[in-house]
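Contents: one structure, followed by commentary.
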Amino acid sequence: MRSQVLRPPYCYRWAVLLSAVLLTLSLIISVSWPGTEGTAAESPPPSAAEPAPGRDAAAADPVRTTARAGRFVALTFDDGPDPAATPQILDLLERHGAVATFCVVGTQVRRHPDLVADVVRRGMRLCDHTVSHDEHLPARNEARISADIAGVRSDVALAVDGDVPVPYFRAPGGRWSDTVTAIAARAGMTPLGWSVDSRDWTLPGAHAIVATVQQAVQPGAVILLHDGGGQRAQTVAALAELLPWLIAQGYRFDVPAT
Ligand SMILES: [Zn+2]
C-alpha cells in the first residue's frame with residue numbers, strides 16, 4: 001500500500017526532470033547549431049575524395065591558348081626530361097628559333113638534372129607535371145596531392161642550383177579535379193591543358209603525328225607532344241618536319257597563356 005501512495009509524486013518528479021533535460025538540450029542545440037548550411041559548406045566537394053574525370057575536366061578549366069593572340073602556337077613536351085629525346089628536341093627548337101614548354105616529371109628531373117638545366121639555359125619554359133606522374137592524382141588526399149606538386153619545384157631548384165620560374169602545372173593524363181587545380185593555383189601555377197593532341201604517345205609513326213597536328217592546328221593552339229615516358233624517336237622525327245612546316249604557314253612560337 002505504501003508504494004502505491006508514493007508512486008504518483010515520484011512519477012511527477014521524473015516527468016518534470018525529463019522535461020527540464022529536454023528543454024535544456026533543445027536550447028543548447030538551437031544556440032550552438034547554426035543550421036545545415038554551415039556543415040555543408042565545410043564538407044569537401046565530392047571531387048576531392050573521388051575522381052570524376054568528365055565533370056572535373058570541365059570544372060578545372062585549364063589554359064588551352066597561347067599567351068599572345070594572332071598566328072602563334074605553343075609547343076608543349078611532357079614526361080621528360082629524357083636523355084635520348086630531350087637534347088634532340090632542344091637542338092631542333094633552337095635551330096628554328098622556337099620556344100617550347102617542358103612539363104617535367106620530378107623523378108626524371110632527379111635522374112637528369114643537367115638536362116633540366118639545359119632546358120632552362122636554352123630559354124624554354126618549365127611546367128610542373130608532378131613528382132610521380134600519378135594518373136589517379138584526383139583520388140589522392142590533399143596532403144599527397146600537395147606533396148606531389150610541390151616536389152617538382154624543389155627538384156628543379158636543386159637541378160638548376162637556384163630559383164627558376166615554373167609558371168604552369170599540367171595534371172598527369174590531363175586528369176583534373178577542383179582540388180588539384182586549387183592546389184596548383186595556390187602554388188602560383190596556371191593549370192595547363194592543350195587544344196591539339198598530337199597522339200604521339202600512341203606511337204602511330206612520325207607521318208601520322210605530323211598529319212594530326214597539321215589538320216588540327218590553328219592560331220592560339222597549345223600542342224601536346226612528349227619528350228619522355230617512352231621511346232620518342234617518332235616525336236623527334238615529326239618535330240623535324242613540323243617546325244619548318246609551321247614556319248612556312250606563317251606561325252610563330254609562343255608560351256601558353258597564364
Ligand atoms: Zn604525362
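Just so you know, these numbers use all the heavy atoms, side chains as well, and skip hydrogens, waters and symmetry mates.
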For the student: nearest non-hydrogen atoms of Val116 and Pro81, plus distance:
CG2-CG, 3.6 Å
Determine whether Val131 and Val105 fall in the same hydrophobic cluster, where Ile, Leu, Val, Met, Phe, Trp and Tyr are linked whenever their side-chain heavy atoms lie under 4.5 Å apart.
no
Minimum heavy-atom separation for Thr181 and Pro191, please, with both atom names.
CG2-CG, 3.5 Å
Across all chains, not counting sequence neighbours, the salt bridge (Lys or Arg N to Asp or Glu O under 4.0 Å) partners of Asp254 are Arg68
Do Arg252 and Phe72 touch side chain to side chain, with heavy atoms closer than 4.5 Å?
yes
Output the distance between atom CG (Asp82) and atom CD (Gln231), rounded to the nearest 0.5 Å.
8.5 Å
So how far is it from Leu239 CG to Leu93 CG, rounded to the nearest 0.5 Å?
5.5 Å
Shortest non-hydrogen pair, Pro204 vs Asp200, comes out as CD-O, 3.9 Å
Between Thr235 and Gln88, is any pair of side-chain heavy atoms under 4.5 Å apart?
no
Return yes when atom CZ of Arg71 has more than 12 non-hydrogen atoms of other residues, nucleotides or ligands closer than 6.0 Å, and no otherwise.
yes
Flag side-chain contact, heavy atom, 4.5 Å: Met189 against Val166:
yes
Looking at every heavy atom in both Leu115 and Pro87, which two are closest together, and how far apart are they?
CD2-CG, 3.7 Å
Are Ile223 and Trp201 connected in the hydrophobic side-chain network, where two residues link if heavy atoms are under 4.5 Å apart?
no
Can you name the side chain to side chain contact (heavy atoms under 4.5 Å, CB included) partners of Pro244, sequence neighbours left out?
His96
Less than 4.5 Å apart, any side-chain heavy atom of Thr66 and any of Phe253?
no
Treat each ILVMFWY residue as a node, draw an edge where side-chain heavy atoms are under 4.5 Å apart, and state whether Val63 and Phe169 are in one component.
yes
Between Ala74 and Val255, what is the shortest heavy-atom contact and its length?
CB-C, 4.0 Å
Would Arg170 and Thr76 count as a side chain to side chain donor-acceptor pair (under 3.5 Å) here? Give the steps.
CA-CA 10 Å; Arg170 178 175 277 164; Thr76 65; 3.0 Å; yes
Pair up each side-chain donor or acceptor in residues 149-162 with any protein partner under 3.5 Å, not counting sequence neighbours, and list the distances.
residue: Arg153; atom: NH1; partner: Ala187; partner atom: O; Å: 2.4
residue: Ser154; atom: OG; partner: Gly151; partner atom: O; Å: 3.0
residue: Asp155; atom: OD1; partner: Arg110; partner atom: NE; Å: 3.0
residue: Asp155; atom: OD2; partner: Arg110; partner atom: NE; Å: 3.1
residue: Asp155; atom: OD2; partner: Arg110; partner atom: NH2; Å: 3.2

Taking only Lys NZ, Arg NE, NH1 and NH2, and the carboxylate oxygens of Asp or Glu, determine whether Glu135 and Arg140 approach each other closer than 4.0 Å.
no
Considering non-hydrogen atoms only, spot the tightest contact between Gly80 and Gln108 and give its length.
O-CB, 3.5 Å
Given Arg121 and Glu94, is the salt bridge (charged side-chain N to carboxylate O under 4.0 Å, His left out) satisfied, shown in steps?
CA-CA 11 Å; Arg121 196 166 42 241; Glu94 201 166 66; over 6 Å; no
Step-by-step side-chain contact (heavy atoms from CB on, under 4.5 Å) determination, Leu137 to Arg175
CA-CA 7 Å; Leu137 196 64; Arg175 295 196 177 151; over 6 Å; no
Would a 4.5 Å heavy-atom cut-off, applied to side chains only, mark Leu224 and Val196 as touching?
no
In terms of ring plane angle, is the pair Phe77 and Phe102 parallel, tilted or perpendicular, where the classes change at 30° and 60°?
parallel
Within-4.5 Å side-chain heavy-atom neighbours: Leu192 and Cys103
yes
Check step by step if side-chain contact (heavy atoms from CB on, under 4.5 Å) holds for Asp227 and Arg232.
CA-CA 6 Å; Asp227 65 327; Arg232 298 299 172 216; 5.6 Å; no
No-hydrogen, no-angle side-chain donor-acceptor test under 3.5 Å, Asp134 and Ser132:
no
Stepwise side-chain contact (heavy atoms from CB on, under 4.5 Å) check, Arg95 with Leu92:
CA-CA 5 Å; Arg95 204 174 307 155; Leu92 283 169; 3.9 Å; yes
With a 4.5 Å limit on heavy-atom distance, are the side chains of Pro256 and Tyr168 in contact?
yes
Can you tell if the side chain of Ile145 reaches within under 4.5 Å of the side chain of Thr179, non-hydrogen atoms only?
yes
Can I get a per-line list of side-chain donor-acceptor pairs under 3.5 Å for residues 211-222, giving both atom names and the distance, sequence neighbours left out?
residue: Thr212; atom: OG1; partner: Ala208; partner atom: O; Å: 2.8

Taking salt bridge (Lys or Arg N to Asp or Glu O under 4.0 Å) as the definition, give me every residue that meets it alongside Asp91, ordered by chain and number, with sequence neighbours left out.
Arg122
If Ile, Leu, Val, Met, Phe, Trp and Tyr residues are connected whenever their side-chain heavy atoms lie under 4.5 Å apart, and connections chain through other members, are Ile209 and Leu203 in the same group?
no
Let me know which of Asp118, Thr101, Leu90 forms a side-chain contact (heavy atoms from CB on, under 4.5 Å) with Met124.
Leu90
Can you tell me how far OG1 of Thr107 sits from CG of Asp79, rounded to the nearest 0.5 angstrom?
9.5 Å
Could you tell me which residues satisfy salt bridge (Lys or Arg N to Asp or Glu O under 4.0 Å) with Asp128, sequence neighbours excluded, listed by chain and number?
none
